[in-house]
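Just so we're clear, the structure is a prediction, and the values are computed from it rather than from any experiment. We use all heavy atoms of the structure for the numbers below, so side chains are in, but hydrogens, waters and symmetry mates are not. By convention in this document, chain letters (A, B, ...) are assigned in the order of the sequence lines, proteins followed by strands, and residues within each chain are numbered from 1.
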There are 2 protein chains.
Amino acid sequence: MYCGSGGQTGQYQFDRLTRTGATTVGRLDQPAWRAAEEAATVIDKSSGVPAYRQVATAIRAKIDSGEYAPGTPIPSERVLVDQYGVSRPTIRDAIALLRQEGALIAEHGRGVFVRPRTTVVRLSRSRLSREARSANRGAFLGDATAGGFTPSTTMKVRFDPADERTAELLGIDAGEEVTVRDRVMRADGLAVMIAVSRLPRSVTRGTAIEVVDTGPGGAYARLEESGHRLDHFEEIVSARMPTPEEASILQPSSGVPVIRVTRVAYAADRAVEVNDMTMAGDRYELIYHIPAD
Amino acid sequence: MYCGSGGQTGQYQFDRLTRTGATTVGRLDQPAWRAAEEAATVIDKSSGVPAYRQVATAIRAKIDSGEYAPGTPIPSERVLVDQYGVSRPTIRDAIALLRQEGALIAEHGRGVFVRPRTTVVRLSRSRLSREARSANRGAFLGDATAGGFTPSTTMKVRFDPADERTAELLGIDAGEEVTVRDRVMRADGLAVMIAVSRLPRSVTRGTAIEVVDTGPGGAYARLEESGHRLDHFEEIVSARMPTPEEASILQPSSGVPVIRVTRVAYAADRAVEVNDMTMAGDRYELIYHIPAD
DNA sequence: CAGTGGTCTAGACCACTCA
DNA sequence: GAGTGGTCTAGACCACTGA
């Protein structure tokens with residue numbers, strides 16, 4: 001089910017959108033190496049360095065030098081077999097290594113491409129302030145038009161017993177009922193963020209937080225209306241490789257980690273929300289502002 | 001060259017050290033599967049799901065269920081070949097997938113182990129404040145003893161022309177000379193963080209910032225003494241897979257991303273330092289405190 | 001349709017670990 | 001020296017893309 005523009009708030013702000021590269025992938029670009037018909041880099045089998053690593057190093061050098069340009073295909077595996085004089089599995093090992101590093105992207109039936117520089121979205125935390133929260137109509141949907149992409153959001157609400165971690169973060173007993181707001185944010189149809197928000201049911205009962213559309217100002221506004229004036233937020237940031245489930249939703253290029261942010265919102269005397277956000281690591285940067293005193 | 005305890009400050013604080021697991025690897029533990037001599041999970045070759053993925057799913061399930069416990073070895077590749085009735089390369093593909101997810105760790109000549117739960121260090125930003133900076137003797141070395149590990153630091157100082165990115169962040173011209181403080185922090189001999197700090201030479205000239213040992217309170221104290229009172233910091237957080245160079249220093253387990261933090265320190269009217277920090281993603285969590293208004 | 005990457009086999013030999 | 005993972009070969013067939 002989809003929710004309208006009123007349902008979002010207190011999310012990250014699209015503070016600035018940086019397009020660090022705008023290369024179209026493949027089909028139109030002429031790879032530079034096709035003109036050059038270059039000599040193969042020689043693989044030294046007695047050097048002790050595995051052949052597939054030597055091949056990877058050679059390809060990496062050509063990417064760095066610009067001979068293989070972002071967005072263009074590298075020679076096919078069978079061509080590389082001839083160029084380097086090793087078997088196809090060895091070539092594939094080299095490519096696998098570079099894919100793991102995030103330098104190459106394989107597309108079945110099309111070719112292997114130098115990863116195009118991606119559009120990086122910078123999320124600033126400065127606008128989590130009360131004024132900013134009330135002023136804008138919801139971070140994700142609000143700034144989307146400015147960023148030039150079409151936003152959409154899938155939202156589900158359910159009620160679950162709190163697991164151990166949630167209970168600890170919220171300062172409640174495990175098993176106590178929590179309201180779970182499960183969200184997938186998309187830009188131009190592509191999932192860019194998963195956000196799972198959990199609040200004690202004792203806090204949300206009788207408020208619009210228990211339905212999909214929380215109304216203007218979003219969940220945080222409803223919290224403050226119902227007597228839970230927000231005092232501060234805490235964010236825990238970590239990074240890891242995506243689980244298969246996350247990978248199926250976010251579809252990150254292979255070799256790209258996810259950034260995990262757990263935000264805990266505190267009212268004066270208690271934690272009122274824990275929000276677990278997962279985003280593709282190559283599409284986001286988080287910006288934090290820290291006063292010197 | 002090594003520097004003493006006086007040279008560190010303004011770095012992350014070891015706010016809390018969480019040992020989430022203390023399993024010894026391998027040799028002493030009896031893997032549970034050895035007792036059970038389990039029946040092989042059947043691979044359905046007509047399902048359309050690649051065999052190596054089916055094997056990976058089966059192994060992942062055994063890890064999740066606890067049948068393969070953290071720190072213990074899984075059956076050898078040749079044994080798995082028999083169990084699942086596929087070739088060794090196929091088994092290796094399955095293991096490669098799980099290594100990429102960070103679930104397994106291979107050790108040459110010893111076996112493949114379920115990744116032990118690692119010690120996570122939580123870095124809180126709350127103590128970047130002026131009082132905290134002057135109160136403690138340097139974050140990394142100071143809190144190390146509390147965390148129960150032996151810290152060491154390698155530090156080099158050099159002077160370079162500013163590259164384009166540094167120049168933009170510092171608000172100077174590209175090519176202008178900057179003081180580069182290059183640091184590797186180790187816990188019990190293991191590198192856990194790389195930090196490269198760059199300051200305009202015009203700011204550091206004549207101060208202890210240009211030598212390895214900056215003295216009590218560290219570089220930030222010297223900055224404030226020389227008239228650059230710090231106003232605020234900005235941190236940009238991102239995640240990606242390590243470059244080969246980073247991997248050789250940090251030696252993260254395969255399949256573990258690095259967390260990248262770029263901190264810019266601002267005096268009243270100008271940026272005075274940009275500090276690029278790189279840490280192994282499985283060993284760190286960053287904590288940020290954000291006021292509600 | 002030809003060309004691409006994806007999957008898989010049945011071997012081989014090497015480097016490393018540990019009893 | 002036995003067992004482990006690491007590397008490598010020379011094939012095979014499949015699924016997908018695009019002219």
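- With D/dC8, C/dC8, D/dG5 as the choices, the nucleotide that has an atom nearest any side-chain atom of B/Val112 turns out to be D/dG5.
- Nearest heavy atom pair, residue A/Ala195 against residue A/Met277, reads CB-CG, 3.9 Å.
- Stacking of the aromatic ring of B/His108 onto the base of D/dG6 is not found under the criterion of centres within 5.5 Å and planes under 30°.
- Rounding to whole angstrom units, CG of residue B/Leu97 and P of C/dT7 are separated by 10 Å.
- Distance from the side chain of B/Arg88 is smallest to C/dC13 among D/dC8, C/dC8, C/dC13.
- The shortest heavy-atom contact between A/Pro75 and A/Leu80 is O-CD1, 3.6 Å.
- With respect to the salt-bridge test (charged N to carboxylate O, under 4.0 angstrom), the residues B/Arg240 and A/Asp282 do not qualify.
- Residue A/Arg92 places at least one side-chain N or O under 4.0 Å from the OP1 or OP2 atom of C/dG6.
- Residue-to-nucleotide contacts include a donor-acceptor pair under 3.5 Å from the side chain of B/Arg78 to the base of D/dG5.
- Of the candidate nucleotides D/dG18, C/dA12, C/dG6, C/dG6 has the atom nearest to the side chain of A/Glu77.
- Between the CG atom of A/Asp93 and the P atom of C/dG5 there is a distance of 15 Å, rounded to whole Å.
- As a whole-Å value, the separation of B/Ile95 CD1 from D/dT7 P is 13 Å.
- Residue A/Ser76 has its side chain nearest to C/dG5 when only D/dT4, D/dG18, C/dG5 are considered.
- The interatomic distance linking A/Glu107 (CD) with C/dG5 (P) rounds to 11 Å, in whole Å.
- Between B/Asp64 and B/Lys62 there is no salt bridge, since no side-chain N of the basic residue sits under 4.0 Å from a carboxylate O of the acidic one.
- Taking 4.0 angstrom as the limit, B/Ser87 places none of its side-chain polar atoms (N or O) nearer than this to OP1 or OP2 of C/dC8.
- When each of B/Asn275, B/Asp276, B/Thr278 is tested with B/Thr262 by the rule side chain to side chain donor-acceptor pair (under 3.5 Å), just one qualifies, namely B/Asp276.
- If you check D/dC8, C/dG5, C/dT9 against the side chain of B/Thr90, the one that comes closest is C/dT9.
- The distance between atom CZ of A/Phe113 and atom P of C/dG5, rounded to the nearest whole Å, is 9 Å.
- Considering only the side chain of B/Pro89, C/dA10 comes nearest among C/dT7, C/dA10, C/dG6.
- The separation between A/Ile91 atom CD1 and D/dT7 atom C1' is 14 Å, rounded to whole Å.
- When each of A/Gly109 and A/Val86 is assigned the nucleotide of DNA chain D with its nearest heavy atom, A/Val86 is the one assigned upstream, toward the 5' end.
- Between B/Gln54 atom CD and C/dG6 atom P there is a gap of 19 Å when expressed in whole angstrom units.
- In this structure, the nucleotide among D/dC16, D/dT4, D/dG18 sitting nearest to the side chain of A/Arg110 is D/dG18.
- Remark: P of C/dC16 and CD1 of B/Ile105 are 20 Å apart, rounded to the nearest angstrom.
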